[in-house]
Amino acid sequence: MPMPEIEEVDTTGGVPEEEVPEEEAVEPGSDADLERFFLKVKCTKEEALTAKHLQWGWKEMGKEDGAALAFVIRNNPVCITLDLFVNEIYEEAGALVGLALKDNVKLKSLDLQQSHIGVEGGRAIAEALQANTKLTNLDLGDNGVARQGCEALAAMLGKNTTLARLDVSKNVGVQGDDEAKGLLSAAAAKRKAPLNLIMNDEPGQRWSVDGFVDVVEWTR
């Protein structure tokens with residue numbers, strides 16, 4: 001007895017595959033872009049611009065969210081704590097965050113742990129903190145800031161007198177590199193204001209612009 005033919009299932013809703021419309025790109029920082037961003041972080045524009053504490057860790061942000069983050073940092077006049085940990089925004093968005101910090105006059109704590117801002121993001125934030133006199137706590141753990149980022153941060157510490165805590169643990173280019181750590185330690189030692197400088201070497205996966213190192217492979 002011959003086998004029956006298998007009927008193909010149409011998953012395009014009747015529209016030929018090549019005609020399925022793609023999601024339209026929006027201009028970074030535009031009203032449509034901000035609307036998209038606020039839906040992602042599950043808050044309204046008004047809430048984002050009036051909250052004193054923004055807990056935005058683990059929000060699945062990406063490089064496309066840099067302009068919206070910069071908008072919030074520039075336009076929220078009361079926020080003192082911004083948590084962005086474990087949001088892989090990468091270098092370009094990290095640089096936009098750094099540029100926005102130049103215009104911020106209130107933020108005291110910024111957590112960018114595992115944001116993958118790289119050297120360019122680290123440099124932009126370091127440059128901003130040569131002018132920003134409010135931020136006291138900065139977490140840059142696991143961002144791949146590398147030696148070049150350390151150099152920029154060390155230069156910043158020579159001018160900034162308000163930062164009280166800086167965490168650069170688990171950064172490729174810093175972890176296990178005594179010379180890179182020495183740059184930051186020497187700059188911290190010269191400051192008149194005390195600094196809690198944290199440079200812990202921690203095991204496990206770390207990010208760099210060239211990919212992950214010490215990759216953790218999960219087994220069942």
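Quick note: residue numbers are just sequence positions, from 1.
- Two residues are said to be in side-chain contact when any heavy atoms from C-beta on lie closer than 4.5 Å; N76 and N104 fail this criterion.
- You'll find the side chain of E47 reaches within 4.5 Å of the side chain of T44, heavy atoms only.
- Ion pairing between a basic and an acidic side chain is recognised when a charged N comes within 4.0 Å of a carboxylate O; D65 and R36 show such pairing.
- Taking all atoms of both residues into account, the shortest heavy-atom contact from G29 to A67 is N-CB, 3.5 Å.
- Here the closest non-hydrogen pair linking A126 and A152 is CB-O, 3.5 Å.
- Cluster membership for V119 and M156, using ILVMFWY side-chain heavy atoms within less than 4.5 angstrom, is not shared.
- The same ILVMFWY cluster, assembled from side-chain heavy atoms under 4.5 Å apart, contains both L82 and M61.
- Atoms SG and NZ, from C79 and K108 in turn, are 11.5 Å apart once rounded to the nearest 0.5 Å.
- Note that CG of L157 is 7.5 Å distant from CG of L197, once rounded to the nearest 0.5 Å.
- The closest donor-acceptor contact from the side chain of N143 to the backbone of S115 lies under 3.5 Å.
- Both L110 and L195 are part of a single hydrophobic cluster, where members link through side-chain heavy atoms under 4.5 Å apart.
- No side-chain heavy atom of H53 sits under 4.5 Å from any side-chain heavy atom of D83.
- In this structure, the side chain of N132 engages the main chain of K134 through a donor-acceptor pair within 3.5 Å.
- Side-chain contact between I125 and L112: present, with at least one pair of heavy atoms (C-beta onward) separated by less than 4.5 Å.
- Without hydrogens or angle criteria, N75 side chain to L49 main chain gives no donor-acceptor distance under 3.5 Å.
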* Begin from the C-alpha positions of L96 and L69 and carry the test side-chain contact (heavy atoms from CB on, under 4.5 Å) through to its verdict. => CA-CA 8 Å; L96 292 175; L69 280 172; over 6 Å; no
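- Under the 4.5 Å side-chain contact rule for hydrophobic residues, F85 and V97 do not share a cluster.
- In this structure, N160 contributes its side chain and Q130 its backbone to no donor-acceptor pair below 3.5 Å.
- Pairing each heavy atom of A187 with each of A154, the nearest pair is CB-O, 3.5 Å.
- Shown here for K63 and A93, the closest heavy-atom pair between the two residues is O-CB, 3.9 Å.
- The CG atom of L135 sits 11.5 Å away from the CD1 atom of I80 when rounded to the nearest 0.5 Å.
- Taking hydrophobic clusters as Ile, Leu, Val, Met, Phe, Trp and Tyr residues chained together by side-chain heavy-atom distances below 4.5 Å, L84 shares a cluster with V168.
- Between the D177 side chain and the E179 main chain, a donor and an acceptor come within less than 3.5 Å of each other.
- Under the 4.5 Å side-chain criterion, counting only non-hydrogen atoms from C-beta, V172 is not in contact with F212.
- A donor-acceptor contact closer than 3.5 angstrom links the side chains of S169 and D167.
- Remark: K102 engages E127 in a salt bridge, criterion side-chain N to carboxylate O under 4.0 Å.
- Ring orientation note: the planes of W207 and H116 are close to parallel, at an angle under 30° on the 30°/60° scale.
- In this structure, K45 is not positioned above the aromatic face of F38 in the sense of NZ or CZ being under 6.0 Å from the six-membered ring centre and within 45° of the axis.
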* salt bridge (charged side-chain N to carboxylate O under 4.0 Å, His left out) between K181 and D201, worked out -> CA-CA 11 Å; K181 291 180 179 179; D201 287 351; 2.9 Å; yes
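- More than 12 heavy atoms of other residues, nucleotides or ligands shown are found within 6.0 angstrom of CG on N200.
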* Asked: Are S109 and R165 close enough, and set up right, to give a side-chain contact (heavy atoms from CB on, under 4.5 Å), and what steps lead you there?
  -> CA-CA 9 Å; S109 179; R165 180 182 182 274; over 6 Å; no
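- Not a single donor-acceptor pair under 3.5 Å links the side chain of Q114 to the backbone N or O of G141.
- Minimum interatomic distance between S185 and M199 (heavy atoms only, all atoms of both residues): OG-CE, 3.3 Å.
- Put simply, CG on N137 and CG on N196 are 9.0 Å apart, with the number rounded to the nearest 0.5 Å.
- No salt bridge links K40 with E35; every basic N to acidic carboxylate O contact stays at or beyond 4.0 Å.
- Listed here is the closest heavy atom pair of A128 and L101: CB-CB, 3.8 Å.
- Salt bridge annotation for D142-R206: absent, with no cationic side-chain nitrogen under 4.0 angstrom from a carboxylate oxygen.
- Screening L153, V174, I198 for a side-chain contact (heavy atoms from CB on, under 4.5 Å) involving L140 leaves a single residue, L153.
- One finds the CZ atom of F71 at 11.0 Å from the OG atom of S30 (value rounded to the nearest 0.5 Å).
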* Asked: What's the verdict on salt bridge (charged side-chain N to carboxylate O under 4.0 Å, His left out) for E91 and R123, showing C-alpha distance, side-chain angles and the deciding distance?
  -> CA-CA 10 Å; E91 298 165 283; R123 282 175 172 165; over 6 Å; no
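- Using a 4.5 Å heavy-atom threshold, the side chains of E151 and L183 count as touching.
- Atom CD in E92 sits 13.5 Å away from atom CD1 in I117 (nearest 0.5 Å).
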